[in-house]
*Asks:* 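One structure, pasted below without further comment.
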Amino acid sequence: MAMEGKEVSNNQIVLRDYVNEFPNESDMELKITKVNLKLPEGSDAVLVKNLYLSIDPFIRIHISKPSTRPGFSESYKLGLPIRGFGVAEVVDSGHPEFKKGDLVWRMTSWEEYALITSIPPEGMPGMTAYGGFLQLCAPKKGDRIFVSAAFGAVGRLVGQFSKLMGCYVVGSAGSSQKNKLGFNDAFNYKEEPKLDAALKRYFPKGIDICFENVGGKMLDVVILNMKVHGQIAMCGMISQYNLEQLSVFKICSASS
């Protein structure tokens, strides 16, 4: 067992090549480096041991070539560990707000031990749901809400906010094993032969607010089922992240 102040091996998953369409194992590689378990005197950094890493849709954008996703945050650099959210235990700390043994949830890197040198406020899923739904959409009691990818980190929070506001909310997901998490109802889109019929079943009078995380075919049918003056908050397009060329909305093609 490694002692404090000693160098130990540090397994990293680094980005080897930028991803084209669906990620392959060859786009990443295992790299073994060394890390000292004791921070230098006077450091205000935090050294953590990662316990759990979250594989979130936003990572797919960052491992694309820089030129293929204009308007998004910059791509991760080749040869460096991939970054994402995770749960970690503090090994050593020079920061006044953290001590050895603390459990933290924050942005980290895909490696056994990670050095955190900047401690910004965290909580991306919560802030995204709060700002995108409560602030942007401003739901009212009685509104009828649809959330795609409803059981992701952001979608499930939108569902809870909807209930707190007195709204009727239905979510879609890719599994029948997931419970409704407090939603009024939910459905597995993979088991629906016609998505348009599914939405009409749950929203016979139309959708007031859609919190969209999927795009593609799902968004096509959502548009057809929106009420007049309804709102669509475009949070994500996870159906498009692995495509070389983004799909065009069918409703737009049909009207051209």
Side-chain angles (χ1 to χ4, degrees), residues 2 7-37 39-40 43-93 95 98 103-128 132 149 151-155 174 212-216 234-247:
E7 274 196 342
V8 298
S9 296
N10 186 30
N11 295 322
Q12 302 176 323
I13 301 297
V14 304
L15 184 61
R16 182 178 182 181
D17 292 304
Y18 288 118
V19 175
N20 180 36
E21 298 185 350
F22 285 86
N24 295 303
E25 187 176 343
S26 60
D27 296 322
M28 311 161 201
E29 64 178 340
L30 174 64
K31 184 177 179 181
I32 302 176
T33 61
K34 295 287 187 180
V35 64
N36 195 305
L37 295 183
L39 293 172
S43 171
D44 62 354
V46 179
L47 179 67
V48 300
K49 180 179 176 63
N50 288 315
L51 304 177
Y52 299 94
L53 296 174
S54 179
I55 303 176
D56 295 297
F58 78 88
I59 296 174
R60 179 61 186 84
I61 300 171
H62 289 287
I63 59 178
S64 298
K65 290 182 180 179
S67 60
T68 60
R69 292 290 188 264
F72 287 105
S73 300
E74 65 181 32
S75 299
Y76 292 154
K77 296 185 182 301
L78 297 179
L80 294 181
I82 295 170
R83 293 183 58 76
F85 285 95
V87 176
E89 181 179 358
V90 175
V91 175
D92 193 22
S93 173
H95 195 282
F98 299 92
L103 293 177
V104 297
W105 177 85
R106 56 158 295 108
M107 182 69 77
T108 184
S109 47
W110 287 15
E111 52 187 333
E112 191 172 359
Y113 296 93
L115 183 65
I116 300 171
T117 57
S118 176
I119 316 290
E122 293 293 351
M124 181 271 286
M127 289 302 295
T128 302
F151 301 110
V154 176
E212 183 59 49
N213 294 300
V214 175
M234 294 299 300
C235 178
M237 301 277 282
I238 58 176
S239 69
Q240 306 296 295
Y241 294 161
N242 291 320
L243 302 180
E244 182 72 16
Q245 184 169 342
L246 304 185
S247 62

*Asks:* Could you name each residue pair satisfying salt bridge (charged side-chain N to carboxylate O under 4.0 Å, His left out) that touches residues 75-87, not counting sequence neighbours?
*Replies:* none
*Asks:* Would you say D27's side chain and V19's backbone share a donor-acceptor pair under 3.5 angstrom?
*Replies:* no
*Asks:* Looking at every heavy atom in both F85 and M107, which two are closest together, and how far apart are they?
*Replies:* CD2-N, 3.7 Å
*Asks:* How long is the span from the CG atom in L39 to the CG atom in D92, to the nearest 0.5 Å?
*Replies:* 4.0 Å
*Asks:* Heavy-atom distance under 4.5 Å between the side chains of L115 and V35, does that happen here?
*Replies:* no
*Asks:* Tell me, please, which residues at least two apart from S93 pass side chain to side chain donor-acceptor pair (under 3.5 Å).
*Replies:* none
*Asks:* If the condition is side chain to side chain donor-acceptor pair (under 3.5 Å), which residues does D56 pass it with, not counting sequence neighbours?
*Replies:* S54
*Asks:* Where is the tightest heavy-atom contact between V214 and E212, given as atom of each residue plus distance?
*Replies:* N-OE2, 2.9 Å
*Asks:* Is any side-chain heavy atom of L37 closer than 4.5 Å to one of L47?
*Replies:* yes
*Asks:* Is the closest side-chain heavy-atom distance between V46 and V104 below 4.5 Å?
*Replies:* no
*Asks:* Step by step, work out the side chain to side chain contact (heavy atoms under 4.5 Å, CB included) result for L15 and L80.
*Replies:* CA-CA 6 Å; L15 184 61; L80 294 181; over 6 Å; no
*Asks:* I'd like to know if the side chain of N10 and the backbone of Y113 have a donor-acceptor N/O pair within less than 3.5 Å.
*Replies:* yes
*Asks:* In terms of relative ring orientation, are H62 and Y76 parallel, tilted or perpendicular, with 30° and 60° separating the classes?
*Replies:* parallel
*Asks:* How far apart are the closest heavy atoms of G79 and K31, and which atoms are they?
*Replies:* O-NZ, 3.9 Å
*Asks:* Give, for atom CZ of R60 and atom CZ of F22, the distance between the pair rounded to the nearest 0.5 Å.
*Replies:* 9.0 Å
*Asks:* Mark yes or no for whether E7, through its side chain, and S9, through its backbone, hold a donor-acceptor pair below 3.5 Å.
*Replies:* no
*Asks:* Tell me the closest heavy-atom pair linking R16 and L78, and the distance in Å.
*Replies:* O-CD2, 3.7 Å
*Asks:* Suppose we screen for side-chain contact (heavy atoms from CB on, under 4.5 Å). Which residues come up paired with L53, at least two apart in sequence or across chains?
*Replies:* N50, T108, W110
*Asks:* For residues M28 and P23, report the shortest heavy-atom separation together with the two atoms involved.
*Replies:* CE-CB, 4.4 Å
*Asks:* Closest heavy-atom contact between N213 and A149?
*Replies:* CB-CB, 3.7 Å
*Asks:* For the side-chain contact (heavy atoms from CB on, under 4.5 Å) test, which of L103, I116, V91 pairs with V48?
*Replies:* I116
*Asks:* Are S26 and D17 packed together at the side-chain level, in the sense that at least one heavy-atom pair is separated by less than 4.5 angstrom?
*Replies:* no
*Asks:* My understanding is that only residues two or more places apart in sequence, or in another chain, count here; which of them pass side-chain contact (heavy atoms from CB on, under 4.5 Å) with N11?
*Replies:* L30, I32, E112
